[in-house]
Amino acid sequence: MNGEKRLNSMNRRGAVIAIILVVVLALTVKWWRWAMPVRLSDLREKKALIDELTEMIIPRTDTPGAKDAKVAEFVMEMVEHGISSFEQRTFIDGLKAIDIYCLNHFQREFITCTEKERMDVLTHFERDEHWMESVYLWSKIKNKLFGRPFFPLIRQLTVIGYCTSEAGCTKGLAYDYIPMQYEPCTVLEKGQKAWATA
Amino acid sequence: MYINDYISKQHVYDAIVIGSGISGGWAAMELCKKGLKTLLLDRGRDVKHVVDYPTAMLHPWEFKLRLNNDMSVIRENPIQSKGFDDGNRLFYVNDKEQPYIQQRPFNWFRGNQVGGRSLVWGRQCYRLSDLDFEANVKDGVGIDWPIRYKDIESWYEYVERYIGVSGRREGLTHLPDGAYLPPMELNCIEQHLEKSIKEQFNRVLTIARVANLTKGWHGRGPCLYRNLCSRGCPYGGYFSSNSATIPQAMETGNLTLRPFSLVTEIIYDKESNKAKGVRVIDTETGDVYEYYARIIFLNASTIASAAILLNSKSDRFPDGLGNDSDQIGRNLMDHHSSAGASGIYEGYQDYYYKGRRPCGFLIPRFRNVGENHRPEFVRGYQIQGIGSRDSWQNKMEYLSGFGKKFKDELTKPGVWSIWMGGWGECLPYSDNRITLDKDRLDKWGMPLIAVNFSYRENEARMKEDIREVCAEMLRKSGFEQVNSFDYDKPGGNTVHEMGTVRMGNDPKTSVLNKYNQIHAVKNVFITDGSCMTSSACQNPSLTYMALTARACTYAYELLKKREL
């Protein structure tokens with residue numbers, strides 16, 4: 001019992017040291033990169049790409065999509081003013097990585113890719129980062145220090161942009177500007193949308 | 001800057017009230033209604049009801065970053081930005097312009113404008129009881145309260161009838177019922193938890209008692225369930241100084257409201273052994289003025305009131321006005337609200353709600369009440385929580401994928417969940433205190449306030465119990481993915497600062513007597529959170545208002561009898 005306990009604590013110590021080493025290494029690399037200024041001047045030139053990406057995340061269906069809701073405009077505002085410099089870099093680098101991936105695999109930029117190619121690209125990036133997120137402790141430390149990875153970042157910005165836009169609130173969701181009453185237990189109607197504001 | 005020593009007649013009033021927040025507004029109204037010419041001072045700008053609520057009616061898409069804070073705003077306001085968004089930032093101070101020193105982490109949220117934090121308060125109104133008023137003397141902690149429930153009971157009712165509190169009567173002696181407007185209602189999941197914990201634990205779950213109006217009341221309200229209170233309510237759906245007490249004081253014709261008036265000190269007159277007035281910096285012009293009155297109510301908020309007293313030095317009071325006991329600035333308390341649990345519930349998929357109720361539910365204190373004695377800690381906590389169905393705000397944290405399926409999932413009502421946490425009593429510790437740093441001055445030449453505060457063993461043990469208890473109630477009520485937490489937030493985060501100028505029977509160990517008068521300076525009354533001898537676990541503003549109304553009546557009686 002005692003021996004097992006000691007072993008456990010040694011394992012734990014080993015794991016803690018390993019995590020610290022990895023984090024320190026990651027920190028050093030990241031900080032070195034961070035020391036270089038983020039060039040946001042390119043951001044606005046990428047509007048077409050951001051437009052397409054947000055529309056793929058929230059497409060037009062029987063309700064408006066991201067383009068209808070002008071989500072790309074909001075995403076760019078947020079990248080410029082509403083997220084940390086780490087995430088700014090992640091975002092700019094992420095856009096580049098997508099185009100580089102497309103050039104390598106399809107010999108053209110994302111916005112000129114076919115529908116299927118685009119799906120492949122996004123699926124690749126989503127899955128890649130989804131896997132990293134599944135290593136819970138690692139992703140928790142990493143997100144705390146450096147912010148969200150690219151795909152979750154653009155997806156969350158898209159969601160916020162859409163769900164707070166006029167089109168998203170009033171058509172994509174249910175918007176109740178002045179409720180007047182509080183009804184604590186209503187029967188959910190078929191296809192009823194969630195409330196836009198809490 | 002110069003001292004303006006020309007005393008014109010207009011500088012003399014019957015009463016001066018320092019601070020126009022929730023208790024200062026009450027003092028001004030009560031004194032004006034009694035016919036006293038009253039000067040109400042606030043260091044910030046004026047905020048007029050309705051017309052000065054520019055964000056109140058805006059849609060989410062009308063904010064540039066959709067209510068998210070600009071990073072430059074966060075950098076300039078590292079503390080306040082934890083509390084505000086782009087919709088209510090106008091009612092918070094700017095950290096850079098109004099610095100303070102944190103000897104240990106302490107989040108001091110401030111709203112230096114007319115109306116103070118009554119514009120952004122949580123609006124929950126609970127009475128204290130003798131379980132609370134007798135706690136210190138029974139536990140041998142701190143000093144005894146100089147009052148008991150019977151001394152304040154009728155004042156609670158007086159205040160409730162004026163401000164309008166919606167709530168449900170539960171018949172508990174340790175959380176006395178008040179005069180309530182019809183209650184707001186619990187939703188499906190909250191009703192489920194209510195039934196379950198009644199059956200299994202014999203614990204009460206009730207709708208929060210809030211100063212949100214469920215029907216029209218004294219020309220205000222009702223609440224229209226927008227849940228945007230902290231931007232200021234154009235319908236007057238909740239109580240604030242701005243919507244109620246200040247306009248009412250103004251109507252009497254007896255009120256002079258002076259915004260941009262930073263009180264630097266209360267002036268002591270050794271001949272009469274009283275305070276004769278206040279010194280004020282006009283923050284727009286930098287000029288210094290003096291105002292005189294027969295009585296002074298100090299309601300600048302717990303930390304600021306103590307600071308004003310500490311800065312009011314004289315030969316008689318070299319360590320600050322009324323500080324014979326050396327208690328001014330000490331015993332700072334703030335409820336802890338870091339521990340709790342959350343969980344999801346798979347049922348009730350066919351039900352939803354309409355409207356945005358501006359409050360959650362309350363599970364009144366059950367620990368160390370009657371026979372339920374816990375050896376690990378003294379005092380107790382009340383649990384506050386809310387039930388809802390997940391929406392995009394939660395879903396974006398866990399939904400994976402993208403495209404049509406993602407959108408469908410994102411835009412429909414999600415699973416039911418409950419979040420709840422314990423709001424726990426904080427004991428008075430004499431070294432949890434504020435002091436003035438004479439070597440560091442703000443732009444008005446005032447010494448910076450240094451806050452040294454930490455939670456201790458009793459609070460830590462209570463938090464452990466809260467985690468276990470919350471998780472247990474959820475699990476036994478059929479919730480899944482139950483997650484208990486301790487956010488371990490620093491002091492100040494609950495925005496219930498109390499205790500720095502405490503009441504007591506003995507002038508050697510307290511600053512104020514049972515009518516909130518400074519023991520040694522009888523014409524100065526202090527009725528904000530600083531007067532609290534213990535913190536109890538109830539949201540405290542209702543008690544400040546009741547004590548204020550009581551002290552105003554007492555002060556007026558003394559004035560009439562020429563005893564002040």
Side-chain angles (χ1 to χ4, degrees), chain A residues 53 56-59 61 63 65-66 69 74 77-78 80-85 88 119 122-123 126-127 130 133 151-152 155-156 158-170 172-189 191-198, chain B residues 57 59-74 184-191 207 214 222-228 235 348-358 388-397 399-404 406-408 410-414:
Chain A
L53 290 172
M56 287 189 72
I57 294 167
I58 301 185
T61 52
T63 61
F74 167 78
E77 284 286 348
M78 276 298 278
E80 283 167 347
H81 303 289
I83 62 177
S84 70
S85 49
Q88 286 178 329
M119 285 300 283
L122 231 59
T123 307
E126 206 255 344
R127 194 175 297 152
H130 191 62
E133 292 298 290
F151 196 79
R155 183 169 58 200
Q156 284 195 11
T158 302
V159 169
I160 298 170
Y162 181 78
C163 295
T164 57
S165 68
E166 184 165 10
C169 274
T170 58
L173 295 151
Y175 186 64
D176 199 357
Y177 181 45
I178 303 179
M180 307 295 285
Q181 302 287 336
Y182 179 67
E183 296 169 36
C185 261
T186 58
V187 175
L188 197 65
E189 287 162 36
Q192 188 177 341
K193 303 283 187 204
W195 299 116
T197 50
Chain B
M57 299 306 289
H59 299 281
W61 54 88
E62 291 176 293
F63 295 90
K64 191 176 119 198
L65 296 182
R66 312 283 170 81
L67 293 167
N68 289 287
N69 290 320
D70 195 302
M71 291 305 280
S72 64
V73 171
I74 295 176
M184 294 184 182
E185 287 177 87
L186 299 170
N187 63 33
C188 289
I189 199 70
E190 294 163 343
Q191 287 175 25
I207 187 74
T214 45
C223 171
L224 299 183
Y225 300 97
R226 307 182 322 137
N227 195 22
L228 296 176
Y235 310 100
Y348 303 108
Q349 286 304 302
D350 297 335
Y351 295 95
Y352 207 16
Y353 38 78
K354 184 188 178 303
R356 296 179 290 281
R357 199 185 58 197
S388 59
R389 289 190 76 154
D390 275 6
S391 52
W392 63 269
Q393 292 93 333
N394 326 88
K395 289 187 175 192
M396 71 175 183
E397 303 288 340
L399 274 190
S400 60
F402 59 90
K404 186 179 176 310
F406 176 80
K407 183 187 176 190
D408 284 347
L410 180 74
T411 52
K412 70 182 188 196

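Atom set for the values below is all heavy atoms of this structure, side chains included, hydrogens, waters and symmetry mates excluded. Numbered from 1 within each chain, the chains take letters A, B, ... in sequence-line order.
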- Query: Any idea how A:Y175 and B:H59 line up, ring-wise: parallel (<30°), tilted (30 to 60°), or perpendicular (>60°)?
  - Reply: tilted

- Query: Is B:F402 close to A:L53 at the side-chain level, that is, under 4.5 Å between some pair of heavy atoms?
  - Reply: no

- Flag the pair B:N68 / A:I160 as yes when at least one side-chain heavy-atom distance between them is below 4.5 Å, and no otherwise. yes

- Note on the structure: All heavy atoms of A:L173 vs all of B:W392, minimum pair found to be CD1-CD1, 3.9 Å

- Interatomic spacing from CD in A:E80 to CG in B:D70 - rounded to 0.5 Å: 10.5 Å

- Message: Any side-chain to backbone donor/acceptor pair from B:Y352 onto A:W195? Under 3.5 Å, distance only.
- Response: yes

- Write down the atom of B:Y235, the atom of A:I178, and the distance for their closest heavy-atom approach. OH-CD1, 3.3 Å

- Message: Nearest 0.5 angstrom please: B:E185 CD to A:E183 CD, how far?
- Response: 9.5 Å

- Item | Donor-acceptor under 3.5 Å (A:E126 side chain, B:G401 main chain) | yes

- Query: Can you name the nearest heavy-atom pair linking B:N187 to A:C185, along with the distance?
  - Reply: C-SG, 4.1 Å

- Part of B:Q349 within contact of chain A (heavy atom distance under 4.5 Å): backbone

- If you round to the nearest 0.5 Å, how far is NZ of B:K395 from SG of A:C163? 10.0 Å

- Message: I'd like to know if the side chain of A:K193 reaches the main chain of B:P413, judged simply by a donor and an acceptor atom lying under 3.5 Å from each other, with no hydrogens or angles considered.
- Response: no

- Message: Is A:Q181 close to chain B through its backbone or its side chain, or both, or neither, when contacts mean heavy atoms under 4.5 Å?
- Response: backbone

- Turns out that what part of A:Y177 lies under 4.5 Å from chain B's heavy atoms comes down to both

- Using modelled atom types only, decide if a donor and an acceptor are shared between the side chain of B:K407 and the backbone of A:P59 within a distance under 3.5 Å. yes

- Task: Would you sort out whether A:V159 and B:F406 count as a side chain to side chain contact (heavy atoms under 4.5 Å, CB included), showing the intermediate values?
- Result: CA-CA 10 Å; A:V159 169; B:F406 176 80; 3.8 Å; yes

- Message: Between A:Q192 and chain B, with a heavy-atom cut-off of 4.5 Å, which part of the residue counts as in contact: side chain, backbone, both or neither?
- Response: both

- Message: Nearest 0.5 Å, please: how far is CG in B:D408 from OG1 in A:T63?
- Response: 8.0 Å

- Message: Using side-chain heavy atoms (C-beta onward) and a distance below 4.5 Å, is B:S72 in contact with A:H81?
- Response: no

- Message: Show the nearest heavy-atom pair for residues B:Y225 and A:M180, with the distance to one decimal.
- Response: CD1-O, 3.4 Å

- Task: Among B:E190, B:K64, B:Q393, B:R389, single out the residue with the greatest number of heavy-atom pairs under 4.5 Å to chain A.
- Result: B:K64

- Note on the structure: All heavy atoms of A:V187 vs all of B:Y351, minimum pair found to be CG2-CE2, 4.1 Å

- Note on the structure: If one checks every heavy atom of A:L122 against chain B at 4.5 Å, the contacting part turns out to be both

- Step by step, work out the side chain to side chain contact (heavy atoms under 4.5 Å, CB included) result for A:T164 and B:L67. CA-CA 9 Å; A:T164 57; B:L67 293 167; over 6 Å; no

- Query: Taking A:M119, A:M56, A:E189 one by one, which has the highest count of heavy-atom pairs under 4.5 Å against chain B?
  - Reply: A:M56

- Message: Side chains of B:P60 and A:T197, heavy atoms from C-beta outward: is any pair under 4.5 Å?
- Response: yes

- Task: Select one option (side chain, backbone, both, neither) describing which atoms of A:A198 are under 4.5 Å from chain B's heavy atoms.
- Result: both

- If one checks every heavy atom of B:I74 against chain A at 4.5 Å, the contacting part turns out to be neither

- Distance (rounded to the nearest 0.5 Å) between B:K412 NZ and A:L188 CG: 10.0 Å

- Task: Would you name the heavy atoms of B:R66 and A:F74 that are closest together and state the gap between them?
- Result: CG-CE1, 3.3 Å

- State, yes or no, whether a side-chain contact exists between B:T214 and A:Y182 at a heavy-atom distance under 4.5 Å. no

- Note on the structure: When the 4.5 angstrom heavy-atom criterion is applied to A:S84 and chain B, the contacting part is both

- Message: Within this structure, what is the CG-CD distance for the pair B:L65 and A:E77, rounded to the nearest 0.5 Å?
- Response: 6.5 Å

